K.L.:
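Quick one: the structure is below, questions incoming.
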Amino acid sequence: MRIKRLALNIAMIVVVAGLGSCSQQSPPQSSPSVPSTTAPTADDSSCGDATASLRPPDALPAVGNMPAGSFMATIAARGRLVVGTSQDTLLFSSRNPFTGSIEGFDIDVARLIAQAVFGDPNKIQIVVIPNSDRIKDVQNGTVDLVAETMTINCQRRSAIDFSTVYYQAGQKILVPTTSSATSLDDLGGKTVCAVAGSTSINAIVSSPAHPKLLTEPTWGECLVAFQQNRADAISTDDTILAGLAAQDPYAKVVGPRFTDEPYGLGISQAHPEFTRFVNGVLAQARADGTLGQIADRWLSRYSTPAPLPEARYRD
Ligand code: GLU
């Protein structure tokens with residue numbers, strides 16, 4: 001098993017090392033793993049319903065006719081939508097080693113926005129950013145939006161805006177196929193990996209079993225740690241774990257979901273008209289079935305996609 005794990009691990013390192021050439025910005029350097037006990041909480045309700053997003057206009061502007069002075073007009077003039085995302089989250093945004101393109105659920109959602117601005121879903125520029133930089137890079141304008149398995153919560157919404165929810169995930173654990181554990185509470189004394197800056201950390205550090213936390217910059221690096229036996233388990237959204245388990249025949253995803261992780265596109269608070277526009281695009285995609293088709297395309301191979309949540313709005 002260790003030899004097979006090592007082979008898988010080498011394959012993983014090759015994939016990770018071969019990435020980055022197509023992104024417009026260098027992929028992040030791996031930083032040393034550091035223990036962390038601070039994490040945004042997923043269930044903070046201090047702002048009310050964090051998933052209620054700005055109501056879209058009654059009608060969306062037509063392609064080629066973005067309102068003067070709007071952020072959509074800025075994007076249109078630039079000729080591409082700049083999207084911050086991951087490059088190694090299989091099923092959501094990962095490099096296809098055969099085509100070199102980054103693809104997945106998050107990328108297809110971002111393409112819907114490009115289609116609405118340009119009439120062309122391919123007019124996107126992907127910028128690979130670590131999860132821990134998502135908020136910073138939205139705030140400083142490095143990207144127009146983040147599409148990166150990003151959970152909406154009050155703490156984050158105090159810093160950036162979010163679109164309406166385009167998928168509802170929930171946290172689980174990934175363990176070796178030989179393990180009898182079904183929850184974090186069965187992992188006392190074990191090392192559990194999660195990505196720095198993710199909501200996943202919160203449940204790990206608050207488990208009464210006190211598992212040891214290992215943080216890595218990306219979920220791909222958590223998988224490498226698991227395969228090298230530096231981590232006994234990984235805990236994050238079931239969606240992400242499904243993509244990790246698909247790459248490792250010695251891993252399984254177990255147990256019920258124990259958090260709610262509503263995914264939204266992260267957008268700067270400086271462009272409320274863009275958030276409203278994005279919500280209009282998502283409303284159309286919900287209504288005509290496109291969003292459901294995207295969820296099926298990426299998730300149905302490994303699980304039954306969760307029902308798409310209804311949009312909730314605030315004015
Ligand atoms: N959805 C969670 C979050 O946004 C965990 C996964 C991730 O970080 O991408 O923190």
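Read the numbers this way: they start at 1 and go in the same order the structure lists the ligands and their atoms. This structure is a prediction, so every number in the text was calculated from the model and none was measured.
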K.L.:
Which one of D315, T164, T275, V278 satisfies the side chain to side chain contact (heavy atoms under 4.5 Å, CB included) criterion with L54?
P.N.:
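Per the side chain to side chain contact (heavy atoms under 4.5 Å, CB included) rule, the option paired with L54 is T275, out of D315, T164, T275, V278.
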
K.L.:
Is Y263 close to ligand 1, meaning an N/O of one under 3.5 Å from an N/O of the other?
P.N.:
no

K.L.:
Please could you name the atoms of ligand 1 that T236 approaches to less than 4.0 Å, counting only its heavy atoms?
P.N.:
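Answer for ligand 1: 5 (C), 6 (C).
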
K.L.:
Going by an N to O cut-off under 4.0 Å, is there a salt bridge joining R297 and D108?
P.N.:
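Result for this pair is yes, salt bridge flagged.
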
K.L.:
Got an N/O contact under 3.5 Å between D237 and ligand 1?
P.N.:
yes

K.L.:
At less than 4.0 angstrom from any non-hydrogen atom of M150, what atoms of ligand 1 do you find?
P.N.:
4 (O)

K.L.:
Quick one: does ligand 1 sit under 4.0 Å from the side chain of N131, the backbone, both or neither, non-hydrogen atoms only?
P.N.:
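The answer is the side chain of N131.
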
K.L.:
Measure T89 to ligand 1 on non-hydrogen atoms and call it side chain, backbone, both or neither using the 4.0 Å cut-off.
P.N.:
neither

K.L.:
Nearest non-hydrogen atom to atom 4 (O) of ligand 1 belongs to which of R156, E261, Q171?
P.N.:
R156

K.L.:
Number the atoms of ligand 1 from 1 as they appear, then name those within less than 4.0 Å of a heavy atom of E148, with their elements.
P.N.:
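Within the 4.0 Å cut-off of E148, ligand 1 contributes 9 (O).
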
K.L.:
Between D161 and R314, is there a salt bridge with N-O shorter than 4.0 Å?
P.N.:
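Here R314 pairs with D161 in a salt bridge, since their nearest N and O are under 4.0 Å apart.
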
K.L.:
Evaluate T149 for polar contact with ligand 1, using N/O atom pairs at a separation under 3.5 Å.
P.N.:
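Yes.
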
K.L.:
Under a 4.0 Å heavy-atom limit, does V195 contact ligand 1 with its side chain, its backbone, both, or neither?
P.N.:
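For V195, there is no contact with ligand 1 at all, from either part.
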
K.L.:
Does a salt bridge link R230 with E216, judged by any charged N lying under 4.0 Å from a carboxylate O?
P.N.:
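The answer is yes: the pair qualifies as a salt bridge.
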
K.L.:
Find all atoms of ligand 1 within a distance of less than 4.0 Å from any non-hydrogen atom belonging to I240, and give their numbers and elements.
P.N.:
6 (C), 9 (O)

K.L.:
Kindly say whether E103 contributes a backbone atom to a donor-acceptor pair with the side chain of S101 at under 3.5 angstrom?
P.N.:
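No; zero donor-acceptor contacts below 3.5 Å.
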
K.L.:
Under 4.0 Å from any heavy atom of S198, which atoms of ligand 1 are there?
P.N.:
5 (C), 8 (O), 10 (O)

K.L.:
Does D144 pair with R78 as a salt bridge, N-O distance under 4.0 Å?
P.N.:
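The answer is yes: the pair qualifies as a salt bridge.
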
K.L.:
Which ligand 1 atoms are under 4.0 Å away from a heavy-atom of T199?
P.N.:
2 (C), 3 (C), 5 (C), 10 (O)

K.L.:
Out of the candidates N153, D260, N131, T259, only one should pair with T199 under the side chain to side chain contact (heavy atoms under 4.5 Å, CB included) rule; please name it.
P.N.:
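That would be N153.
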
K.L.:
Between the side chain of K252 and the main-chain N/O of S179, is any donor-acceptor distance below 3.5 Å?
P.N.:
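Confirmed, K252 side chain pairs with S179 backbone.
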
K.L.:
Below 3.5 angstrom, do we get any N/O pair linking S200 and ligand 1?
P.N.:
no

K.L.:
For F92, which of W298, W219, Y263, Y302 qualifies under ring-ring contact (aromatic ring centres under 6.0 Å, His included)?
P.N.:
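The ring-ring contact (aromatic ring centres under 6.0 Å, His included) with F92 is passed solely by Y263 among W298, W219, Y263, Y302.
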
